[in-house]
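Accompanying notes for the structure given below.
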Amino acid sequence: MPKPALRFYNTLNRQKDIFTPIDPDHIRLYVCGPTVYDRIHIGNARPVVVFDVLARLLRYVYPNVTYVRNITDIDDKINARAAERGITIRKLTNETTKYFHNDCRALGAIPPDHEPRATDHIDGMIAMIETLITRGHAYEAEGHVLFDVPSFPAYGKLSGRSTDELRAGARVEVAPYKKSAMDFVLWKPSDDDTPGWDSPWGRGRPGWHIECSAMSRAYLGEVFDIHGGGLDLIFPHHENEICQSCAAHDHTEMARVWMHNGYVTVSGEKMSKSLGNFVTMSELLDKTRGEVIRHSLLQAQYRGPLDFSYDAMTESEAALSGLYRALGDAPIDMDAPVDDAFLEALSDDLNTPLALARLHQLANMVNRGDEAARPVLKRSAELLGLLSDTATAWFHHSRQDDGIDDASIQALIDQRRQARADRNFAEADKIRDELTAHGITLEDKADETIWRRG
């Protein structure tokens, strides 16, 4: 069966184009990962889910995909948090990286092919900085090395900002050793209390932007297919990545396509600790399942804003329950094709709301007796990272505080089934009432009874 043409919105040219890979036999994807100084929040979770769906789609269409997502484990926020807690930088970053991986697993995200840590690529960063100096795009000043922005005329193309706008509104420290206010740090000195590495410019540490340029080159080459991240990274981070990489490698592009997910708000307001609406994954996972959070994050098309609320989580849980009821527990042939209409939606710039709507149409087909739609439903949902369980596993994963365990529930259901076979309907009704009193809901299907708590 022919694979679909993929269309993605490219931030670089501000239009949606048919995706044309550099090498159709090997797709290369880089996504900016977390700075591991704290637990991730719901806003950080969105790119995890969005780009996991993108990687799944690319792997469905193309024979070989390399997905790289980095870990930033050297940063001033990390230094400050480690000092605040009285622990080493490595202890903090190991701990928070472990939490991040746990959250990714809960969200159903497949690990990337490579997850480089910035501190493992210092040599590559130093080498790239040396190249930039040699090419006349960087200079040393008072122990710092800075990128000379005016030396790169294409600066501002990704963000769409003119040089005058950037010069007037650059959110960078204006230091006396800078040639231009727009110039940004590639390397900075470290004191005795700050992590540092030996370099031609003295003991120091890299600037944030050079990290991703060096790591993407190490795993994907000088020019690759897709670079992803949050909308907040367009400027200055991704803008600076482009000029560093292009200037160092003498190319006109770093990545063919740039994709950015939109912001997450909470009940219509920007998420912030001062407003008391800062929602971490840890807090959410205490209240609901990762698949519910994932479904909620897919309710809006990735480029647009997404408003988080607990009501939306409740709606997502109900929606998933409906899909799982249709799926049931019977064995499914996973060689089934992905639904054409579903794939068309997902291929159109990851239109996940339309793809989710198609899943519910498939579920309705199953409920009307179309058994052929069941494996198609399961196989299609897999591209969204949904419906990985059976119906029984889904409905049993609820509160266990109702005084009855799973084995006892199943034993009563078996007794009820036998009572119905014996046409002892009074006994069958009595068992149903007993289960209802424990908060257990039964749904009789042609060849099985599905139960759920609550």
Side-chain angles (χ1 to χ4, degrees), residues 11-12 28-33 35 68-72 74-76 116-141 144-161 163 166-167 170-173 175 177-188 197 199-201 204-230 232-258 260:
T11 307
L12 194 60
R28 291 166 292 161
L29 166 66
Y30 185 91
V31 175
C32 288
T35 300
V68 180
R69 183 185 64 215
N70 76 293
I71 295 287
T72 295
I74 175 67
D75 182 87
D76 289 346
R117 295 174 69 122
T119 53
D120 292 332
H121 290 270
I122 300 296
D123 288 347
M125 298 174 203
I126 291 173
M128 185 173 286
I129 294 170
E130 287 180 313
T131 298
L132 289 169
I133 292 174
T134 300
R135 289 180 174 271
H137 291 289
Y139 59 94
E140 183 183 1
H144 295 74
V145 181
L146 298 107
F147 188 89
D148 185 359
V149 171
S151 75
F152 189 77
Y155 191 79
K157 184 178 179 181
L158 181 71
S159 60
R161 306 185 188 195
T163 304
L166 293 168
R167 187 179 293 110
R171 293 181 299 165
V172 294
E173 177 188 1
Y177 50 77
K178 288 187 176 184
K179 293 181 179 179
S180 165
M182 296 185 296
D183 296 350
F184 58 88
V185 171
L186 300 172
W187 189 264
K188 52 190 171 183
W197 290 262
S199 80
W201 318 287
R205 60 198 191 279
W208 174 31
H209 315 301
I210 196 68
E211 296 175 5
C212 286
S213 286
M215 287 185 283
S216 63
R217 176 186 177 176
Y219 290 91
L220 300 176
E222 295 178 357
V223 183
F224 50 93
D225 293 287
I226 301 174
H227 195 314
D232 57 314
L233 297 181
I234 294 175
F235 185 85
H237 186 51
H238 288 169
E239 192 79 74
N240 291 354
E241 276 189 65
I242 290 173
C243 70
Q244 291 165 163
S245 294
C246 290
H249 305 141
D250 198 23
H251 292 305
T252 58
E253 62 180 1
M254 175 187 182
R256 181 71 55 86
V257 178
W258 290 79
H260 295 92

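Computation of the quantities below employed the complete heavy-atom set of this structure, encompassing side-chain atoms and omitting hydrogens, waters and symmetry-equivalent molecules.
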Tell me if a side-chain donor or acceptor on Arg28 pairs with a main-chain N or O of Leu220 at a distance below 3.5 Å. yes

Relative to the ring of His137, is the ring of Phe152 parallel (under 30°), tilted (30 to 60°) or perpendicular (over 60°)? perpendicular

Any heavy-atom pair between the side chains of His238 and His260 that's under 4.5 Å? yes

Using side-chain heavy atoms (C-beta onward) and a distance below 4.5 Å, is Phe184 in contact with Trp208? no

Which atom of His121 lies closest to which atom of Arg117, heavy atoms considered: CD2-O, 3.4 Å

Please check if the side chain of Arg69 supplies one atom and the backbone of Gly33 the other of a donor-acceptor pair under 3.5 Å. no

pair Trp201-Glu130: side-chain heavy atoms closer than 4.5 Å: yes

Around atom NZ of Lys157, are there more than 12 heavy atoms of other residues, nucleotides or ligands at under 6.0 Å? no

Spatial distance of atom CZ (Phe235) from atom CG (Asn240) [nearest 0.5 Å]: 6.5 Å

Let me confirm one number: the NE2-CD1 distance from His251 to Ile242, rounded to the nearest 0.5 Å. 14.0 Å

Quick one: CE on Met182 to CZ on Arg161, what's the gap to the nearest 0.5 Å? 12.5 Å

Steps toward side-chain contact (heavy atoms from CB on, under 4.5 Å) verdict (Asp183, Asp148): CA-CA 5 Å; Asp183 296 350; Asp148 185 359; 4.0 Å; yes

Residue pair Gln244 / Leu186, side-chain heavy-atom distance below 4.5 Å: yes

Locate the shortest heavy-atom distance separating Ala214 from Gly124; write the atom from each residue and the value. CB-C, 4.1 Å

Is there a donor-acceptor pair under 3.5 Å between the side chain of Tyr139 and the backbone N or O of Lys179? yes

Measure across Thr131 and Ala248 and return the closest heavy-atom pair with its distance rounded to 0.1 Å. CG2-O, 3.5 Å

Any donor-acceptor pair under 3.5 Å linking the side chain of Thr11 with the backbone of Trp258? yes

Measuring from Glu241:CD to Met215:CE, what's the distance to the nearest 0.5 Å? 8.5 Å

Looking at Ser159 and Ile234, what are the two nearest heavy atoms and their distance? CA-CG2, 3.8 Å

Given side-chain contact (heavy atoms from CB on, under 4.5 Å), test His227 with Cys32 step by step and report yes or no. CA-CA 8 Å; His227 195 314; Cys32 288; 3.6 Å; yes

For the pair His209 and His237, name the ring-plane relationship: parallel under 30°, tilted 30 to 60°, perpendicular over 60°. tilted

Would Glu211 and Asp75 count as a side-chain contact (heavy atoms from CB on, under 4.5 Å) here? Give the steps. CA-CA 11 Å; Glu211 296 175 5; Asp75 182 87; 5.9 Å; no

Could you state the interatomic distance from CD1 (Ile122) to CH2 (Trp197), rounded to the nearest 0.5 Å? 4.5 Å

If only atom types and distance count, is the side chain of Ser216 paired as donor or acceptor with the main-chain N or O of Ser213 below 3.5 Å? yes

Looking at CE of Met128 and CG of Asp123, how far apart are the two atoms once the value is rounded to the nearest 0.5 Å? 13.0 Å

Judged by atom type as modelled, is there a donor-acceptor pair below 3.5 Å linking the side chain of Asn70 to the main-chain atoms of Pro116? no

How about Phe224 and Val68: do any of their side-chain heavy atoms sit closer than 4.5 Å? no

Derivation and outcome, side-chain contact (heavy atoms from CB on, under 4.5 Å), residues Leu146 and Tyr177: CA-CA 9 Å; Leu146 298 107; Tyr177 50 77; 3.8 Å; yes

